[in-house]
S.K.: 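What follows is a single structure, and I will ask about it in a moment.
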Amino acid sequence: MDEITIREAQKMVDDWIKTYGVRYFSELTNMAVLTEEVGELARIMARKYGDQSFKEGEKHDLGDEMADVLWVLMCLANQTGVDLTEALNNNIEKKTSRDKNRHKNNKKLTS
Ligand SMILES: [Mg+2]
C-alpha cells in the first residue's frame, strides 16, 4: 500500500464520510466514540501486555483498534478545523523546547 501523509489521511476520512457516512456524527458524539475506541484499545493492551487474559477464542487486532482511534480523532479534527499535520509539528516543537533535557536527566529512566 502507498504511504499517506497525515493531511492525505484527514482528506481520505473526509471523503469517506461524505461518500458513505452521510454526515459526521456531532462533535460530542464523536468524542464519546473516541473514548469508546480508546477503551477497546485499552482492553487489548491489558490482555496482551498486562495482567488480564483473553477469553478463549477472542479475536484481537491491535493495529485495527489503533486505526479506529486514529479514524475518530481525524473525524474530530476535520469537523473542528484542526490541521493535524500543523498541530503535530507544533506539538513536537513544543515538547522538544520544553523537555529536551528533562528525560535525559530523569534518573528513573537512565538507571
Ligand atoms: Mg474499535
Side-chain angles (χ1 to χ4, degrees):
M1 183 168 173
D2 290 339
E3 289 183 19
I4 52 173
T5 65
I6 294 171
R7 188 164 287 134
E8 286 165 345
Q10 269 189 257
K11 174 81 168 68
M12 284 168 66
V13 168
D14 192 56
D15 289 343
W16 193 97
I17 295 292
K18 285 170 179 162
T19 307
Y20 304 107
V22 184
R23 65 166 177 81
Y24 285 93
F25 296 135
S26 70
E27 293 85 350
L28 282 178
T29 298
N30 271 338
M31 188 62 230
V33 173
L34 176 63
T35 308
E36 184 183 320
E37 293 298 350
V38 169
E40 290 175 7
L41 176 59
R43 180 181 168 79
I44 294 179
M45 292 299 290
R47 281 152 185 78
K48 190 164 182 177
Y49 299 99
D51 301 324
Q52 290 265 21
S53 57
F54 289 106
K55 290 181 185 134
E56 208 170 295
E58 187 178 341
K59 288 193 168 69
H60 54 93
D61 184 334
L62 194 56
D64 190 52
E65 288 306 341
M66 287 186 185
D68 280 344
V69 170
L70 209 48
W71 173 276
V72 187
L73 187 65
M74 286 185 173
C75 285
L76 280 169
N78 287 344
Q79 61 196 141
T80 56
V82 170
D83 177 348
L84 286 171
T85 303
E86 197 185 316
L88 185 61
N89 274 323
N90 291 341
N91 185 274
I92 290 172
E93 240 174 71
K94 180 187 75 183
K95 281 181 170 63
T96 304
S97 65
R98 190 188 59 197
D99 300 331
K100 62 180 181 292
N101 294 316
R102 184 170 149 231
H103 302 302
K104 288 182 188 170
N105 295 331
N106 179 353
K107 300 254 182 301
K108 291 179 188 173
L109 292 176
T110 55
S111 60

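Remember, it's 1-based here, ligands and their atoms both numbered in the order they're listed. Both backbone and side-chain heavy atoms feed into the values below; hydrogens, waters and symmetry mates do not.
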S.K.: Would you call the rings of Trp71 and Trp16 parallel, tilted or perpendicular if under 30° counts as parallel and over 60° as perpendicular?
M.R.: perpendicular
S.K.: To the nearest 10 degrees, could you say what angle the Mg ion (ligand 1) makes with OE1 of Glu37 and OD2 of Asp68?
M.R.: 100°
S.K.: Among the N/O/S atoms of Glu40, which is closest to the Mg ion (ligand 1)? Give the atom name.
M.R.: OE1
S.K.: By atom name, which N, O or S atom belonging to Glu65 lies closest to the Mg ion (ligand 1)?
M.R.: OE1
S.K.: Could you pull out the closest heavy-atom pair between Asp64 and Asp61, with the gap in Å?
M.R.: N-OD1, 3.0 Å
S.K.: Looking at Arg98 and Glu93, is any side-chain nitrogen of the basic one under 4.0 Å from a carboxylate oxygen of the acidic one?
M.R.: no
S.K.: Find out whether Lys11 and Arg7 are in side-chain contact, i.e. whether some heavy atom of one side chain is under 4.5 Å from a heavy atom of the other.
M.R.: no
